[in-house]
Each structure stands twice: as structure tokens, then as C-alpha cells.
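Notes to accompany the following structure.
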Amino acid sequence: MDELLTPQQRDLKARAREVAEKYIRPQAAELDREGRYPNEIMEKISEYGLMGVWVPKEYGGGGGGVFDLCLIVEELSKKCGGVGVTFAVNALGSFPILLGGNEEQKNTFLRDVATGKKYIAFCLSEKESGSDAGSLKTMAVRDGDHFIINGDKKWTTNANAAQLYTVFANSNPDKGMRGISAFLVEKGHPGFTIGKEEDKMGIRCVPVHETHFNNCRIPVSQMLGREGMGFMLAMATLDRARPGVAAQALGLAQGAFDLAIDYASKRRQFGSNLLGFQALQFMLADHATQIEAARQLVYTSARAVDMGLKNFSKLSAMGKLFASDVAMKVTTDAVQIFGGYGYCRDYPIEKYMRDAKITQIYEGTNQIQRLVIARTLIKELASKGEG
Ligand code: CAA
């Protein structure tokens, strides 16, 4: 339904599609097999003017928003969900600067991300603090004009590849989650080390590591926003980043569907191609409908974020929940359509199913999305009662 997009959005999508066709598709299987960071592809993404589309022009970005980000992530993920997140995680990492950073921080750090000079990661989760993000144990103790950070982070997507890290640490534990502050830490800074790399089921080209802070002295000038604002910044960031995960799921679903319908049109059994069987036609009809429904919800949630509509947080959670469930269903059924071939790595389809699974887990499990949606519904009901 590209007809519903503006000429600028169609152009953006076309450029992303070209990168995906020319550079991602031929390499996707190899990147997955070798678990190799897609350096050359990320450079192409920058060359094609796609990096930092979500960053305002005054800081070197494309001046678009989350909707533009989603259009690109969808196209990249049609060919490789791993590359989709390698790109999108830079939005996740940089939203806290956009939301909480001062002019100086935006002019240096945000500009570097927008122009593709530096990549960024988001360090929130810890071994004992995943869904319950507010219970994180990493500490930041004030020492003059520095904070000393100590603690360990888990599942830092893009770690090692990234030169910048948005780190959440508690600087006032008596206040619980309201004591959490956000900091910018650069790779190589004394006391900051990259630890164990995770051996993942899917999205294998993007590195995910443990990250460690051992008496890591960070100047106060690298704190984002005010002290104690960190949890709010993390939540506001996730509200804006979840449509990107939803777009990754959408791209994976569409990519798997395109491969499955093509295969079904060629594979012959019982004297007919598979598309001749109504059981398959109905399955594909359901998939096409679910993908289109997901697309509408993802696009609407992204537009709602860009417009700052009331309760965009609810829409953003709905889009991520729905699109990732659709991606899991469609990619699993696509493997079924390919049958025995689908189960083997000679064909690209099983990778879609492996890549899709994470979209139901990261940036808030789908159980957390339901919690966000339900809490908003209850608040909406209460405010109606007050009215
Ligand atoms: N925007 C702004 N502020 C928010 C907010 C939002 N969306 N949601 C909550 N807050 C504020 C609340 O207003 C509240 O502050 P006040 O009391 O001052 O009003 C404070 O934050 C606490 O809110 P809650 O009581 O709702 O907090 P909670 O402990 O019940 O948790 C939660 C809320 C939604 C479950 C949250 O913990 C959450 O989102 N968990 C999931 C975390 C997550 O998505 N992690 C993924 C990390 S990124 C990743 O996956 C790895 C990667 O690199 C890709």
C-alpha cells in the first residue's frame, strides 16, 4: 500500500529496499552462519542517507521520526531481521539523548550517531532485572563532578560494535526506581568493559554482550537529564522504540510470506502446485490479512508517537505485541509450507522463524506489552469516571 505514503516516504522506502536487495539478501545467510557484524551494509545504509532519519536536521539527522524509522526497518528486515535490528538499535540507544540530552550532548553524541560516525547501544537490562527494569542494581555514586558506576548489564544489543552506550544506574537507591539516572559512556572508557558474547538463536549478525562497569568514573556532564530521571527516560525511550521492533517483525513476516507464496507456486505435489490446494490458499489468505492488519497498527502507532498523541504508549505496545505474534505465526507456517526443505538451512526460511522469536521478547516481552496496555485502559476508564 505504498500509494498511501507521501513521495518522500516512498523514496525513503525505495532506498531501503535497494540496500536490502543489493547488499543484504546476498549476504544474509553468511552473516547468520558466521555471526558477523554487517559492517559494509551499515556503511551502505549511511551512504544511502538512511542513518539517523529519526534525528532532527539540526543535529545532522534526516529530520523524520519514528514512522520513517519503521519504513526503513521493515524493508531491511524483509531480507534479514538481524540487519533490521542492527540499524534500529541505534534509535533505541539515542532516544534518551534526544529526550533528555542538553544542547552540547546533542551536538556531539547525537550528531555522531545521526551521521553514522558512531553506533550506540542501550544498557538497561541486568541478570536479575529484565521485565522488572526498575529493580536494576548498577549503582552510580557521586564523587565531586563525577559519578562512579559499578555493576553489570546483560543483553546489551550492539555491544562491542557500538562506540557509545546509554547506561542506566541508580544514584539514589533509597528512592527506588526514582533514583535511577542515565549516563553516556564511551567504549574504551576506563572501568567499562565488554564481556561475554551471547550465542543466540536468531538475529545472529548483531552482537549481544554482557557489559561491565568497575569503578567507571563518568563526568556529570555525561548524565542525561536530571538526576533521578533515568527510569522515566528509559520508559519514554521504549515507548518510541517499540514501533521499530514491530516494524522488524512486520518485515520478517512479509519477507517470509513472499518466499512462501513463491515456493508454493512452484512446488508440485499430487499433480498440482501447492497453490492449487485450498488448504494452502486459506493459510496464505490469513497470513496476508494478518500482515496487512499488523502494518496498519505499526504505522498508526509510529505516527501517533511522532505526533505526540495522548497514550501513544498504549498504541506502541499494541503494535509490538500484534506484529511480533503475527511474525511468529507467519514465519512458523512458512517453514511448514516449505516442509522438509524448510527445516534445513539450504533454504532461507528457517532463519525468519529464528529471527522472529526475539521480537516477542526484547524491548519488553509481550506479557509486559499487555501490562502496559491494560494499565492504560484502567487509567482511561478512571479518567472517564472523573470526567
Ligand atoms: N513514560 C514515562 N514515564 C513512565 C512510563 C512511560 N511510558 N511508564 C512508567 N513511567 C513512570 C511512572 O509514571 C512512574 O513514575 P511516578 O510514580 O513518578 O508517576 C514510574 O515510571 C514507575 O512506573 P510503574 O509504577 O508503572 O513501574 P513498574 O515497576 O510497575 O514497571 C513496566 C513498569 C512497564 C513493567 C517497566 O518496568 C517495563 O517497561 N519493563 C520492561 C522493560 C523493557 O522493555 N526492557 C527491555 C530493555 S531493551 C532490550 O530489550 C535490549 C536491547 O538492547 C534491544
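Order of appearance sets the numbers: ligands from 1, and atoms from 1 within every ligand.
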So do [Y] and [X] actually touch side chain to side chain, heavy atoms under 4.5 Å?
X: Gln105; Y: Leu224; answer: yes
X: Asn90; Y: Asn158; answer: yes
X: Tyr341; Y: Arg267; answer: yes
X: Phe338; Y: Leu259; answer: yes
X: Tyr37; Y: Pro207; answer: yes

Within a distance of under 4.0 Å, is there any protein heavy atom near [atom]?
atom: atom 19 (O) of ligand 1; result: no
atom: atom 36 (C) of ligand 1; result: yes
atom: atom 22 (C) of ligand 1; result: yes

Could you see which bit of [X] sits under 4.0 Å from ligand 1, with heavy atoms only: side chain, backbone, both or neither?
X: Phe231; result: side chain
X: Ser131; result: backbone
X: Leu92; result: side chain
X: Thr157; result: both
X: Val208; result: neither
X: Arg242; result: side chain

Inset, instruction - Answer yes or no: does an N/O atom from Asp239 fall short of 3.5 Å to an N/O atom of ligand 1? - result: yes

For [atom], closest protein heavy-atom neighbour:
atom: atom 29 (O) of ligand 1; answer: Met177 CE, 3.2 Å
atom: atom 51 (C) of ligand 1; answer: Trp155 O, 3.8 Å
atom: atom 50 (O) of ligand 1; answer: Glu363 N, 2.7 Å
atom: atom 34 (C) of ligand 1; answer: Val372 CG2, 3.9 Å
atom: atom 15 (O) of ligand 1; answer: Arg178 NH2, 3.9 Å
atom: atom 3 (N) of ligand 1; answer: Met232 CG, 3.6 Å
atom: atom 24 (P) of ligand 1; answer: Arg375 NH1, 3.8 Å
atom: atom 4 (C) of ligand 1; answer: Met235 CB, 3.8 Å

Legend entry - Tyr119: partners by side-chain hydrogen bond (donor to acceptor under 3.5 Å, both in side chains), with sequence neighbours left out: none

Taking NZ, NE, NH1 and NH2 as the nitrogens, is one of them in [X] or [Y] under 4.0 Å from a carboxylate oxygen of the other?
X: Asp199; Y: Arg204; result: yes
X: Glu3; Y: Arg10; result: no
X: Arg295; Y: Glu74; result: yes

Inset, instruction - Under 4.0 Å from a heavy atom of Leu371: give me the atoms of ligand 1 that qualify, with their elements. - result: 35 (C)

Inset, instruction - Please could you name the atoms of ligand 1 that Ser125 approaches to less than 4.0 Å, counting only its heavy atoms? - result: 47 (C)

Legend entry - side-chain hydrogen bond (donor to acceptor under 3.5 Å, both in side chains) evaluation trace for Gln254 with Tyr352: CA-CA 10 Å; Gln254 186 67 63; Tyr352 282 81; over 6 Å; no

Legend entry - Exercise: do Glu126 and Thr138 side chains pair donor with acceptor under 3.5 Å: yes

Inset, instruction - Please determine, by modelled atom types, if Asn366 and Lys320 share a side-chain donor-acceptor pair under 3.5 angstrom. - result: yes

